[in-house]
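Notes to accompany the following structure.
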Amino acid sequence: MGSRGRPRGGRDRGYGAEPEPTRPVPEPEPEPYPEPGPASAAASGSASAAASGSAGAGEEETAAPEPGGRAERRRLARRVRRRRRTRRAGELPLLVVVALCIALLLKTFLVQAFFIPSGSMEQTIRIGDRVLVDKLTPWFGAKVERGDVVVFKDPGGWLKGEAAQPDQDPAGIKQIKEALTFIGLLPSADEQDLIKRVVGVGGDTVKCCDARGRVTVNGAPLDEPYVSPGNAPSEIRFEVHVPKGRLFVMGDHRANSADSRYHLDEAFDGTIDENGVVGQAVVIAWPFDHWRRLEQPATFLTVPDPARTGRRRGRLGRRRGTAFA
C-alpha cells in the first residue's frame, strides 16, 4: 500500500503473502593453474632429485655401512703406522746422540772401565780382566784409604814400555774401537795408567820388614792374604815416611810389580801424588767367572793413625831387580 494503505516489500510477508523466490549465487570460476615453465620445471626437477638423492643416500647408509667403514679404518690404520715409522726413524739419530752423551758423562764423572794388560796385581786381578773404576766419590771429598785398589796416571817412567801392546786391528776397526773407547763403551787397553794397592797414605811410615818378614804400617804388621801365592811380602827392604798428599803403592804380585819400591831413589821416595789418582777400582766386571768386588782388606783396619810428631827415617836400602809394570 502507499504510505498509508499499500503494502511494501517484505513488510506485508507477515500477513500471508508468498515469499519471493531466492536467486542462486553463481560460484566463481577457478583461476586457471599456470603452465609450468622451464625454470619451474628445473626447480621441481632439482627438488625431486634432491629428495630422491637424500632417500638414496639414506638407503645406501642403511644398506651397506660395513664395507665402507672397514676400508676407511684400514686406510687410517695404515696412515698411522706410516706416521709412527717416520717418527721413529726421525727419533733414532737423536736417541743415539743422547746415549753417546750419557756414556761420555758416565766415563768422565762416574765410572770408567779399564783393561788390565799386566800381571802386577795377580791373583786379585788377572791379565785381560776389565775393572770398573769409581770416579764419583772423589768429587764429594772422599779420600783414598789404605787397602784401596786405585788406578793412577803414570808418574813418569813407571811403565817404561812394559805394558802389553794392543793387537793391531784393521784400519776401520781401529778407528771404531778408538771412538767407542773415547766415549767409554769400551775399556782402554793402551792408556798410560797403572793399577796398584795403596799400602800407606800421607803421614804413614811403611817398613819392610819385621822379624817375621811382614810389611808394617805405623808399626802394625799386615796380614796379606791377597799377595800372589809363592811371593814374599817384599824382597826389598825399605822404610819410607809417606809425605802428606801422597800414597805408597804396591802390587799384589810382589815379584812382578814395579811399584813404589822400585822408585825409592826418585823424588818423594817412590810415592805418587793423590791428584794423579783416576779413581778407585770397585769391581771386576769381566769375565763373568771372575766377577768380584774389590773391598778393603780387614788387615788395614788394625793400622793405627800416624803419630803427629816424627822424623823422616829415610830408606834402609833396596835390592835391585828387574822392573815390571
Side-chain angles (χ1 to χ4, degrees), residues 114-127 129 131 144 146-165 190-210 213-218 221-222 224 226-278 280-281 294 297 299-300 312-325:
F114 282 86
F115 173 83
I116 306 303
S118 72
S120 65
M121 284 294 293
E122 292 176 332
Q123 293 293 320
T124 305
I125 304 175
R126 303 170 185 170
I127 297 175
D129 285 353
V131 298
V144 178
R146 307 180 193 97
D148 290 346
V149 177
V150 296
V151 173
F152 57 94
K153 297 293 183 182
D154 185 3
W158 281 39
L159 289 173
K160 295 181 180 179
E162 294 293 333
Q165 297 297 325
D190 56 354
E191 289 188 3
Q192 300 299 301
D193 299 322
L194 299 99
I195 183 167
K196 305 292 179 187
R197 188 181 298 276
V198 177
V199 178
V201 297
D204 288 344
T205 299
V206 185
K207 180 181 178 180
C208 178
C209 297
D210 65 357
R214 297 173 297 181
V215 175
T216 64
V217 180
N218 299 333
L222 299 180
E224 301 180 286
Y226 47 80
V227 173
S228 183
N231 286 191
S234 179
E235 295 183 356
I236 302 174
R237 299 184 65 83
F238 61 88
E239 183 175 359
V240 174
H241 180 77
V242 183
K244 292 293 185 181
R246 302 191 71 85
L247 307 170
F248 190 89
V249 295
M250 300 172 68
D252 290 354
H253 194 176
R254 299 293 164 80
N256 190 26
S257 175
D259 45 44
S260 293
R261 299 169 297 158
Y262 283 86
H263 301 275
L264 294 173
D265 54 353
E266 299 176 5
F268 303 103
D269 295 334
T271 58
I272 65 170
D273 191 348
E274 286 184 352
N275 295 327
V277 174
V278 176
Q280 178 187 354
L294 298 173
T299 186
F300 288 97
R312 178 170 176 172
R313 303 178 184 179
R315 50 186 183 272
L316 298 179
R318 52 169 289 183
R319 191 179 72 183
R320 295 286 179 180
T322 304
F324 294 91

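As a basis for the values below, the full set of heavy atoms in this structure was taken, side chains included, without hydrogen atoms, waters or symmetry mates.
- Of all heavy-atom pairs between Ser260 and Phe248, the closest is CB-CE1, 3.5 Å.
- To the nearest 0.5 Å, atom CG of residue Asp273 and atom OG1 of residue Thr271 are 8.5 Å apart.
- Contacts of Phe152 classified as ring-ring contact (aromatic ring centres under 6.0 Å, His included), with partners at least two apart in sequence or in another chain: Trp158.
- Taking CZ of Arg261 as the reference point, atom SG of Cys208 lies at 8.0 Å (rounded to 0.5 Å).
- For the pair Asp252 and Gln123, the minimum side-chain heavy-atom distance is 4.5 Å or more.
- With rounding to the nearest 0.5 Å, the separation of CD1 in Ile236 from OH in Tyr262 is 4.0 Å.
- Side-chain contact between Ile127 and Glu122 is present, with at least one heavy-atom pair separated by less than 4.5 Å.
- Remark: Glu224 pairs with Arg254 by the salt bridge (Lys or Arg N to Asp or Glu O under 4.0 Å) rule, at least two apart or across chains.
- The minimum heavy-atom distance linking Val217 with Leu222 is given by the pair CG2-CD1, 3.8 Å.
- For the pair Ser120 and Ile195, the tightest heavy-atom approach, listed with the atom from each and the gap, is OG-O, 4.0 Å.
- With contacts defined as side-chain heavy-atom distances shorter than 4.5 Å, the pair Leu194/Val249 does not qualify.
- A donor-acceptor pair under 3.5 Å links the side-chain atoms of Arg197 to the main chain of Gly147, judged by distance alone.
- Evaluation of the side-chain hydrogen bond (donor to acceptor under 3.5 Å, both in side chains) rule for Ser228 yields no partner, not counting sequence neighbours.
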